[in-house]
Amino acid sequence: QVQLVESGGGLVQAGGSLRLSCAASGRTVGSYAMGWFRQASGKEREFVAAIRWSGGSRYYADSVKGRFTISRDNAKNAVYLQMNSLKPEDTAVYYCVASSHEYDLGYASQYDYWGQGTQVTVSS
């Protein structure tokens, strides 16, 4: 089993930055792909970003490409999401996820473990 705990969410003005962190425990996630999803109030959950276990391949939703950066530190069993140039439409609960799969990482069904989520609110 893997437990994922997110941190770093909060309230920020449009144009600002936040860095989300996700700490994994229970077992090493070094061999897992890691990622982030988000869900805004009244909307469906959507893919944000993913990174393969080696850190060599990263994937982003079109809506965040060029503004968000995903990274990982396997030694610390952690994954991060640096969010810059935030927009009000980025407001959502952000979930850290881990997958034993290496493909189709844009699909929620590919992920084995989910964190509880951290709220990000961007004011205009």
Side-chain angles (χ1 to χ4, degrees):
Q1 281 287 63
V2 174
Q3 291 79 44
L4 303 172
V5 178
E6 304 94 339
S7 61
L11 174 64
V12 64
Q13 288 188 332
S17 299
L18 281 176
R19 185 185 191 227
L20 303 184
S21 299
C22 174
S25 62
R27 62 185 295 180
T28 180
V29 291
S31 62
Y32 284 73
M34 303 290 292
W36 294 89
F37 278 72
R38 68 186 182 186
Q39 186 166 21
S41 179
K43 295 187 177 180
E44 293 187 356
R45 183 172 49 190
E46 64 174 355
F47 169 75
V48 176
I51 184 169
R52 289 190 176 176
W53 70 270
S54 64
S57 297
R58 309 178 192 201
Y59 308 91
Y60 298 94
D62 288 343
S63 58
V64 306
K65 206 171 291 184
R67 301 187 297 121
F68 290 12
T69 302
I70 188 170
S71 61
R72 67 188 296 164
D73 186 336
N74 288 341
K76 295 183 178 180
N77 239 18
V79 65
Y80 308 98
L81 186 68
Q82 178 65 44
M83 305 185 295
N84 298 328
S85 301
L86 283 162
K87 304 175 181 180
E89 51 263 44
D90 294 318
T91 295
V93 177
Y94 284 71
Y95 297 92
C96 176
V97 292
S99 173
S100 57
H101 304 282
E102 283 288 295
Y103 298 96
D104 294 331
L105 295 176
Y107 296 94
S109 59
Q110 290 296 89
Y111 291 89
D112 306 285
Y113 302 102
W114 292 71
Q116 292 298 307
T118 185
Q119 177 70 46
V120 171
T121 303
V122 184
S123 63
S124 57

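Hydrogens, waters and symmetry mates play no part in the numbers below; they use all other heavy atoms, side chains included.
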Please walk me through it: do D62 and K65 pass salt bridge (charged side-chain N to carboxylate O under 4.0 Å, His left out)? CA-CA 5 Å; D62 288 343; K65 206 171 291 184; 3.1 Å; yes
After noting the C-alpha distance and the side-chain angles of M34 and L4, does the key distance pass the side-chain contact (heavy atoms from CB on, under 4.5 Å) rule? CA-CA 10 Å; M34 303 290 292; L4 303 172; 4.1 Å; yes
Worked check of side-chain contact (heavy atoms from CB on, under 4.5 Å) between T69 and R58: CA-CA 9 Å; T69 302; R58 309 178 192 201; 3.9 Å; yes
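Every pair passing side chain to side chain donor-acceptor pair (under 3.5 Å) that includes a residue from residues 95-107 is listed here, sequence neighbours excluded: S100-D112.
Side-chain N or O atoms of T91 include one that pairs as donor or acceptor with a backbone N or O of V122 at under 3.5 Å. Between the R52 side chain and the S57 main chain, no donor and acceptor come within less than 3.5 Å of each other. In this structure, the side chain of N74 engages the main chain of W53 through a donor-acceptor pair within 3.5 Å.
The local environment of CD in Q116 is sparse, with at most 12 non-hydrogen atoms from other residues, nucleotides or ligands closer than 6.0 Å.
You'll find the side chain of M83 reaches within 4.5 Å of the side chain of V120, heavy atoms only. For the pair R38/E46, a side-chain contact is recorded, criterion being any heavy-atom separation below 4.5 Å from C-beta on.
Summarising the geometry, atom SG belonging to C96 is positioned 10.0 Å from atom OH belonging to Y111; distances are rounded to the nearest 0.5 Å.
Shortest non-hydrogen contact noted between Q119 and V93 is OE1-CG2, 3.2 Å. What you find for R67 and S85 is that their closest heavy atoms are NH1-O, 2.9 Å. For the residue pair L18 and L86, the shortest heavy atom distance occurs at N-CD1, 3.8 Å.
Taken together through direct or relayed side-chain contacts under 4.5 Å among Ile, Leu, Val, Met, Phe, Trp and Tyr, I51 and Y60 form part of one hydrophobic cluster.
For F47, the ring pair (Phe, Tyr, Trp, His ring centres under 6.0 Å) test picks out F37, with sequence neighbours left out.
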